[in-house]
A.B. asks: 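The structure under discussion is supplied below as structure tokens; questions concerning it will follow.
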Amino acid sequence: MGNQDLTGLPVKVKLPGPEASGRSRIEKLIAKRRSVRRYKDRKLSESVISRLLWAAQGISSEDSLRTSPSAGALYPLEIHVVTGGSELEPGVYRYVPEDNTLIQEIAGDMREKLSNAALSQPMIRSAPVSFVISAVYARIAGKYGNRGLRYTYMEAGHAAQNISLLGVELGIGICTVGAFEDEEVKNVLKLPANEEPLYILPLGYI
Ligand SMILES: Cc1cc2nc3c(=O)[nH]c(=O)nc-3n(C[C@H](O)[C@H](O)[C@H](O)COP(=O)(O)O)c2cc1C
């Protein structure tokens, strides 16, 4: 009864481990993940870009469900790849999960402008690639109304975490950036009026 106060409720339970339960591969990745803001000056391969995008929003089932959970499987997120330091031609591309392709939307290196739109955070200028996760709320609002907003933010978190953990495995450093001017990012990426930027993830080899 040493664990109980006068109400009979337990007050403190010392949990085993975490070491006691053993360190699985995924626990090691979780433990190792840190925000990384400096990257090697080395071109990111298309293969690594593909794998990171797949981790975020790729197709992982025969009925087209994706790697991140999505309320009602309505998938409000888009991912844009902003690059000037990869095997891809410098530019901005939109990821299409259904056939694992990138559609070029803008030609030319937009990293400097994207950095300027994000309070001039230097790692967005220096990273070979930034992913920009954005959302089309209309896809989810029909079913969930305003609550769809929070579902969309939750999903962006799932996607960013999947990218971050695979990044640890692949030796790719990533920072999750929320501080930016929405309208400026929309202008730089030429996003449609109904699409809102949520997260910028600069990334590169550590
Ligand atoms: C929603 C969100 C927004 C963030 N925005 C920024 C940002 O704008 N710039 C930045 O350098 N780091 C940003 N971070 C990263 C945090 O600074 C970082 O996660 C925190 O310092 C803890 O360090 P760790 O990620 O290495 O554990 C953000 C993190 C989250 C979750």
Side-chain angles (χ1 to χ4, degrees), residues 15 17-19 23-42 44 48-49 51-53 55-57 66-71 75-86 92 95 109-137 140 146-189 191 195-206:
L15 293 170
E19 273 74 23
R23 281 286 181 101
S24 66
R25 192 177 169 82
I26 189 77
E27 285 169 297
K28 286 185 183 133
L29 293 178
I30 292 169
K32 220 173 144 189
R33 184 215 59 80
R34 290 273 76 85
S35 294
V36 177
R37 300 178 179 85
R38 288 170 159 263
Y39 319 97
K40 270 196 185 139
D41 185 16
R42 177 179 160 198
L44 214 69
V48 164
I49 291 172
R51 292 172 75 179
L52 294 171
L53 289 168
Q57 285 286 289
R66 299 187 186 178
T67 46
S68 292
S70 181
Y75 301 114
L77 301 183
E78 296 282 342
I79 305 184
H80 303 268
V81 178
V82 179
T83 183
S86 70
V92 179
Y95 178 53
D109 189 346
M110 304 303 283
R111 291 178 296 171
E112 175 97 33
K113 285 187 174 151
L114 186 62
S115 167
N116 293 343
L119 319 180
S120 298
Q121 295 190 67
M123 67 282 195
I124 298 177
R125 188 177 303 113
S126 65
V129 170
S130 281
F131 290 170
V132 179
I133 301 177
S134 59
V136 181
Y137 297 127
I140 194 164
N146 277 344
R147 205 166 178 83
L149 278 180
R150 78 160 75 182
Y151 291 166
T152 305
Y153 302 149
M154 291 169 179
E155 186 174 335
H158 289 296
Q161 190 71 0
N162 281 0
I163 293 170
S164 299
L165 293 181
L166 180 61
V168 177
E169 172 83 0
L170 300 179
I172 302 296
I174 295 163
C175 187
T176 54
V177 171
F180 52 81
E181 300 289 344
D182 296 351
E183 283 310 310
E184 289 183 32
V185 171
K186 283 181 81 161
N187 284 340
V188 171
L189 301 185
L191 296 185
E195 192 177 324
E196 296 298 327
L198 298 181
Y199 233 171
I200 304 178
L201 278 64
L203 51 95
Y205 293 103
I206 297 174

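Bear in mind that the values here come from a model prediction, so they are computed numbers and not experimental data. Indexing begins at 1, ligand by ligand and atom by atom, following the structure's order.
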A.B. asks: Nearest to atom 7 (C) of ligand 1 by heavy atom, Q121, R37, M123, R34: which?
C.D. replies: Q121

A.B. asks: Testing E78, H80, E183 for side-chain contact (heavy atoms from CB on, under 4.5 Å) with L191, which one passes?
C.D. replies: H80

A.B. asks: For E195 and S134, test the side chains for any donor-to-acceptor distance below 3.5 angstrom and give the result as yes or no.
C.D. replies: yes

A.B. asks: Using a 4.0 Å cutoff against the non-hydrogen atoms of C175, which atoms of ligand 1 qualify?
C.D. replies: 10 (C), 11 (O), 12 (N)

A.B. asks: With sequence neighbours excluded, what pairs up with D109 under the side-chain hydrogen bond (donor to acceptor under 3.5 Å, both in side chains) test?
C.D. replies: R111

A.B. asks: About how many Å separate OG of S68 and CD1 of I163, when rounded to the nearest 0.5 Å?
C.D. replies: 7.5 Å

A.B. asks: Assess whether atom CZ of R51 is packed by more than 12 heavy atoms of other residues, nucleotides or ligands within 6.0 Å.
C.D. replies: no

A.B. asks: Any chance you could measure I49, atom CD1, to L44, atom CG, to the nearest 0.5 Å?
C.D. replies: 5.0 Å

A.B. asks: Verify the contact flag for atom 2 (C) of ligand 1, where contact means a protein heavy atom under 4.0 Å away.
C.D. replies: yes

A.B. asks: Between ligand 1 and F180, can you find any atom pair, the residue atom being a heavy atom, that is separated by under 4.0 Å?
C.D. replies: no

A.B. asks: For atom 23 (O) of ligand 1, find the nearest protein heavy atom and state the residue, atom name and distance (0.1 Å precision).
C.D. replies: S35 OG, 4.0 Å

A.B. asks: Would atom 20 (C) of ligand 1 count as contacted, meaning some protein heavy atom under 4.0 Å?
C.D. replies: no

A.B. asks: Charged N to carboxylate O below 4.0 Å: is that the case for E196 and K186?
C.D. replies: yes

A.B. asks: For G178, take its heavy atoms, then give the atoms of ligand 1 lying under 4.0 Å from any of them.
C.D. replies: 3 (C), 4 (C), 5 (N), 6 (C), 7 (C), 8 (O)

A.B. asks: Does the N or O separation between A179 and ligand 1 drop below 3.5 Å for any pair?
C.D. replies: yes

A.B. asks: Just to confirm my output: which protein heavy-atom neighbour is closest to atom 28 (C) of ligand 1, and how far is it?
C.D. replies: T176 O, 2.9 Å

A.B. asks: For atom 30 (C) of ligand 1, which protein heavy atom lies nearest, and how many Å away is it?
C.D. replies: Y199 OH, 3.6 Å

